[in-house]
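These notes concern the structure reproduced below.
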Number of protein chains: 2
Amino acid sequence: MGQQLTTTKTPDEIIPSSIVFLARALADENRLRIIMSLAKGEKTVSALVEELGISQPLASHHLKELKRALLVTVERSGPFIYYELVDPRIATIAGDLGGLAAHLLANRTTF
Amino acid sequence: MGQQLTTTKTPDEIIPSSIVFLARALADENRLRIIMSLAKGEKTVSALVEELGISQPLASHHLKELKRALLVTVERSGPFIYYELVDPRIATIAGDLGGLAAHLLANRTTF
DNA sequence: TTTATATATAAACAATAGTTTATATAACGA
DNA sequence: TCGTTATATAAACTATTGTTTATATATAAA
């Protein structure tokens with residue numbers, strides 16, 4: 001178990017695949033909203049479920065993917081499980097993508 | 001035809017979906033390699049096909065997706081069609097993701 | 001014109017990924 | 001230990017996406 005991220009590859013091969021790996025984490029609206037929410041501080045699953053209006057199993061599923069992508073850490077406190085962003089840079093990068101998207105949309109010629 | 005990116009939505013809804021839209025463009029290894037290659041200058045389809053070692057229809061397919069994501073522009077010159085990155089920031093952001101990925105991998109506790 | 005080259009498109013298929021529903025596990029208070 | 005709450009997991013289903021194969025279109029040279 002646990003996705004193999006490193007093998008015997010040249011940097012040219014390693015880097016693209018690890019970029020793709022993180023980009024995938026941002027490429028789903030529910031995961032992105034989880035990331036943005038966690039950027040404001042650690043949260044329990046139920047807090048995310050309520051805030052985002054998604055089902056509990058769906059939240060757990062996406063949190064597991066974010067863990068697989070090394071983006072979140074998990075900590076239990078009694079019956080609650082807190083998820084926390086490992087590195088806030090992922091939210092910054094998401095913001096950069098949003099800025100670029102806004103720029104591309106504003107300057108696009110074709111509809 | 002042409003994906004609807006803007007509707008009557010609040011910024012909270014527009015921004016996530018446009019981020020997801022661009023993140024998807026980076027979330028495939030072949031598209032990412034096309035972006036990285038175009039970051040070094042405009043290229044014809046055949047040049048990309050040769051450089052990346054992918055089939056011509058596959059290259060055309062991914063280039064069409066990048067065009068849909070507003071990331072590339074197209075220009076014909078004789079029988080050749082040149083693709084060019086609209087904004088180099090997409091490559092910068094990809095690089096940022098790579099830097100973060102390297103950091104996450106270096107600092108990860110679980111395998 | 002015909003032929004060759006460059007690219008796009010369409011159809012079929014394969015593979016991934018997201019979602020729901022149902023159920024299991026873990027913690028804790030009564 | 002029983003019931004309740006919080007979360008995870010598994011299975012089934014659906015939807016989306018990537019790839020190949022075959023064919024169409026466009027340009028230009030012979």
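All values derive from a computational prediction rather than experimental measurement. Quick note on labels: first sequence line is chain A, next is B, and so on, each numbered from 1.
- For the pair B/Arg31 and D/dG18, the criterion of a side-chain N or O lying under 4.0 Å from OP1 or OP2 is met.
- Under the 4.0 Å criterion applied to side-chain N and carboxylate O atoms, B/Arg24 and B/Glu65 are not assigned as salt-bridge partners.
- An OP1 or OP2 oxygen of C/dT7 is reached within less than 4.0 angstrom by a side-chain nitrogen or oxygen of B/Ser46.
- Checking the phosphate oxygens (OP1, OP2) of C/dA8, a side-chain nitrogen or oxygen of B/Tyr83 falls inside 4.0 Å.
- Put simply, CD1 on B/Ile54 is 15 Å from P on D/dT21, counting in whole angstrom units.
- Note: CG (A/Leu63) to P (D/dT9) measures 11 Å, nearest angstrom.
- Counting only heavy atoms from C-beta on, A/Arg76 has its side chain closest to C/dA26 among C/dA26, C/dT7, D/dT20.
- A/Gln56 contributes a side-chain N or O that forms a donor-acceptor pair with the base of D/dA8 under 3.5 Å.
- For B/Arg24, the listed nucleotide lying nearest its side chain is D/dT17; candidates were C/dG18, D/dT19, D/dT17.
- The CG-P distance, from A/Leu52 to C/dG18, rounds to 15 Å in whole Å.
- Using a 4.0 Å heavy-atom distance criterion, A/Tyr82 is classed as making no nucleic acid contact.
- As a whole-Å value, the separation of A/Leu66 CG from C/dA17 P is 14 Å.
- Of the listed nucleotides (D/dT19, C/dT19, C/dT7), C/dT7 has the atom at the smallest distance from the side chain of B/Ile81.
- The 5' end of DNA chain D is approached more closely, in terms of each residue's nearest nucleotide, by A/Phe80 than by the other of A/Phe80 and A/Lys64.
- Between the P atom of C/dT7 and the CD1 atom of B/Ile34 lies a distance of 13 Å, rounded to the nearest Å.
- Panel note: side chain A/Arg33, backbone A/Asn30; no donor-acceptor pair is recorded below 3.5 Å.
- We find that CG of A/Asp28 is positioned 14 Å from C1' of D/dT17, with the value rounded to whole Å.
- A/Arg68 has its CZ atom 11 Å from the C1' atom of C/dT16, to the nearest Å.
- B/Leu63 and B/Tyr82 are assigned to two separate hydrophobic clusters, defined by single-linkage of ILVMFWY side chains at heavy-atom distances under 4.5 Å.
- One N or O on the side chain of B/Lys43 and one on the backbone of B/Ser37 form a donor-acceptor pair closer than 3.5 Å.
- As rounded to whole Å, 18 Å separates atom C1' of C/dA6 from atom NZ of B/Lys43.
- Map A/Leu58 and A/Pro79 each onto its nearest nucleotide of DNA chain C; the residue landing nearer the 5' end is A/Leu58.
- The partner of C/dT2, taking Watson-Crick or G-U wobble pairs whose two distances both stay under 3.5 Å, is D/dA29.
- For A/His61, the side-chain atoms get nearest to C/dT19 when compared with the rest of C/dT19, C/dA8, D/dG18.
- Atom CD of B/Glu50 has 12 or fewer heavy atoms from other residues, nucleotides or ligands within 6.0 Å.
- Nearest to the side chain of A/Pro57, among C/dT19, D/dT9, D/dA6, sits D/dT9.
- Contact annotation for B/His62: backbone-only contact, meaning every heavy-atom pair under 4.0 Å involves sugar-phosphate atoms and none involves a base.
- A side-chain donor-acceptor contact under 3.5 Å links A/Arg31 to the backbone of A/Ala25.
- With the nearest nucleotide of DNA chain C identified for both A/Asn30 and A/Ser77, A/Asn30 has the one nearer the 5' end.
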